Amino acid sequence: MADIIQLLPDHVANQIAAGEVVQRPASVVKELLENAIDAGAVNIKLIIKDAGKTLIQVIDDGKGMSVTDARLSFERHATSKIRSADDLFRLHTKGFRGEALASIAAIAHVELKTKQENDEIGTRIVVEGSEVVSQDVVVTPKGTSISVKNLFFNIPARRNFLKSNPVETRHIIDEFYRVALAHPSICFSCFHNGSEQFNLPQSNYRQRIVNIFGSKANEKLVPVEEDTEVIKISGFVGKPEYAKKSRGEQFFFVNNRFIKSAYLNHAISSAFDGLLKEGAHASYFLNLTVNPETIDINIHPTKTEIKFDDEHTLYAILRASVKHSLGQFNIAPVLDFERDSNLDTPYNYKQKEEPSIAINTAYNPFKEEKNERNYSVSNNSKEQTANWEGLYVGLESKSTKSNSDFNELRFESLPETASVFNDAAVEEKQSTYQLHNKYVISTIKAGMLIINQKRAHQRVLYENFLQHITIKQGASQQLLFPLTLHFSPRELEIIQQLKDELEHTGFVLKLKDDEILEISGVPMEVPESEVSIILEQLINDVDNEVPDSHFSTTDLLAKSLAKSLSIKTGQSLTKIEQEHLVNSLFACKEPNVSPTNRVTFITMAVDELEKKFM
Ligand code: ADP
Ligand code: MG
C-alpha cells in the first residue's frame, strides 16, 4: 500500500496555529501591542475600525526591523526573543513563540512598515493569507506600523462566529487596559472609528489607573506594598465600599504581564473577608515581581495563565499584605460625605451666578451698567479688557443688552421669576457655540473666533494661580477632616521645596514624618477628591523639569495646577460656561497662548470666509 502521510503545507499549518493564537480581534491587538513594547517603544498608537473587524493598526516608535528581519518576522517560529530553550526561564519579553505575526498574516491582509533609527528608508511588506504580495522600500518614521485588515477573510466560519461590535470592542478595550496598566511609563493612545478613546500620557501607576478609570478612581485606591525575598508586591486595592457586583477591575500583573489566577484571586477575596457586601467583588491592580526562573508562563497559548513554583507562599504573602493595607489605611468611610456636585466644577461661577441675580441691590435705573460677572481673574479684569475689546465685540454688546433687560424686569418682579427669565436670556444670547466638545466658537467684529477650550482654560487658571502665588493670597477652603496622603521620602522632599508657593495658592500643609503629608486646606479651585492626583502630577512635573530658581518654581506650580484643573477636551460646556471661558480668556494678560505656549484661539475674518465662497 502506498504511503499516505504528508506534511501539511505551511499556509495550512499557519492557519491551524492561527486558531490558537487569534480567537478574535482583541487577540491581534494584544499581540501587536506586546510586540511594540518588546521593541522598546515609548509611544504606541492603536487604531481600530468596526471593532477590529475591518482594521486593527498599531504604530510604535520602537527599534524597527531590518529588511531581512521584516521579511522573517512573518515566518512561523521566527523570533528574536529566545535563542535556546533555557532562555524560556529568563524571559523579560512578552513574546517568544514567534507565531503571532505568522498566524495573523495567515488569516488577514497585513501591511508592515518599519524602519530602524539609522536607516535612511524603511521596508514595506504586504502579506495576504500567508502570501507575500509585495515588498518594497518606503519612507516611514522610525519604528513599526502594522495594519491588519479583514480579519478571518479566508475563514468565513470564524468571521461569522465573531460577536457583535460592542462585544468585540469590549474585548479589545480589555486588552488595551491590561497592556496600558502594565506599562504606565509608555504613552498609549487609542482611536476607534476615527475618534480618540484614550490618550494616556507617561505617568506613575496611580495616575495611569486614574487616567483609564476616571478621576473618581483616585479616592478609591488603597496602596499595597510588600517586599520579600520571594515576591515584591506593589499596587492598589479598591476600598471595600466601592466594590462592584461585576468582576471588572481585577488586574494581576506578574513581571509586567497580565495574568489570570483564580488561586491568587482567592487570596485577595479572603483578605477582604467580612468587609464586602454579599456578591460584591473587590477591585485590585497588583504588580507582582518574582524571579522569572520561578514561574512558567508557557503553559497556555495566549499566555494569561502562569505556574508558580511556590504558590502557597505567594498566597499567604499576598493575603497578608492586602489585609495589612486595608487595616493601615483605616478603611472606614469617614471622608466620603455626599458631595455637592457644584463643588466639582472647574470654576465657581455656578455658586456665584445665581445669588447675584437674586440680590442685585446695587441696581441704579439711571446708570448704564455693564454685566459684571465674577471672573476667575476678577480684580483687574476691567483694565485688561481694554486691549481685546477692539477684537471682541459680539458677545459684549449682547450681554450688555440682556443685562439691562434683566434689570428692568427684575425691578418689578419677585425674586423667583428671575430664574425663569435667566433661562430665557441665555436662550436668546446664542453668541457662543461649542464644536466637538473641544472648541468654543464665537463671533467678533471682524468675523469668527475659534477657541481651544482646554488651552484657553489653562491660560485662565495659570494667570490666576500665578497671581495668587505672587501676591500670596490664594483663597483657601478649610477641610472638615484633614487629608493624610502617603508619599515617598523623595516625593515629600519635592513638596517641601514647593511648600511656600503651595501655601500661597491656598494649600494648608503639614509634613509629618513617616512619609505622611497632612492637608487641612486646599485652594478654592481644587476639589478635595483631586488633591492627591494634583500633587502627584505636580511632583511628576517637577521631576521632569527640575526648576532651578524661585521664579521657575512658581511658574511650574502654576502651570501644573492649571494643567490638572483645566476643562478637558471632550467636556461639554453650557452656554454660560462657554461665555465665561471666553470672557475670562480675554481678561488674561496673554490670552493668545496657553501656559505651554500653544495657540489658544484663531480668528477667521469675514473676507476670508467670503473668499471661500467665491
Ligand atoms: P514573538 O513576539 O513571539 O517573537 P512575533 O510573531 O510576535 O513573535 O514577532 C516576530 C518577530 O518580529 C519578533 O521577535 C520581533 O523580532 C519582530 N517584531 C514584531 N513586531 C515588531 C515591532 N513592532 N517592532 C520591532 N520588531 C518587531
Ligand atoms: Mg510577539
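None of the values given here were measured: they were computed from a predicted structure. Indexing begins at 1, ligand by ligand and atom by atom, following the structure's order.
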Exercise. Is any N, O or S atom of Asn35 under 2.8 Å away from the Mg ion (ligand 2)?
Worked result: yes
Exercise. Ion pair present between Glu117 and Lys63, side-chain N to carboxylate O less than 4.0 angstrom?
Worked result: no
Problem set entry | Side-chain ion pair, Lys53 and Glu168, N-O less than 4.0 Å | no
Exercise. Heavy atom of Glu31 under 4.0 Å from ligand 1?
Worked result: no
Problem set entry | Glu75 and Arg71 ion-paired at < 4.0 Å | yes
For this session: Indicate yes or no for a side-chain donor-acceptor contact from Asp61 to the backbone of Asn43 under 3.5 Å, with no hydrogens or angles considered.
Result: yes
Exercise. Hey, which atoms in ligand 1 end up nearer than 4.0 Å to a heavy atom of Thr79?
Worked result: 1 (P), 4 (O), 14 (O)
Exercise. Salt bridge check: are Asp227 and Lys232 linked by an N-O gap of less than 4.0 Å?
Worked result: no
Exercise. Between Ala100 and ligand 1, does any nitrogen or oxygen pair lie at a separation below 3.5 Å?
Worked result: yes
For this session: Under 4.0 Å, heavy atoms only, figure out whether ligand 1 is touched by the backbone of Thr144, its side chain, both or neither.
Result: side chain
Exercise. Where the side chain of Gln197 meets the backbone of Phe191, is there a donor-acceptor pair that is under 3.5 Å apart?
Worked result: no
Problem set entry | Shortest reach to atom 6 (O) of ligand 1 by a heavy atom, considering only Ile146, Thr114, Leu101 | Leu101
Exercise. With a 4.0 Å heavy-atom cut-off (strictly under), which part of Asp60 contacts ligand 1: side chain, backbone, both or neither?
Worked result: side chain
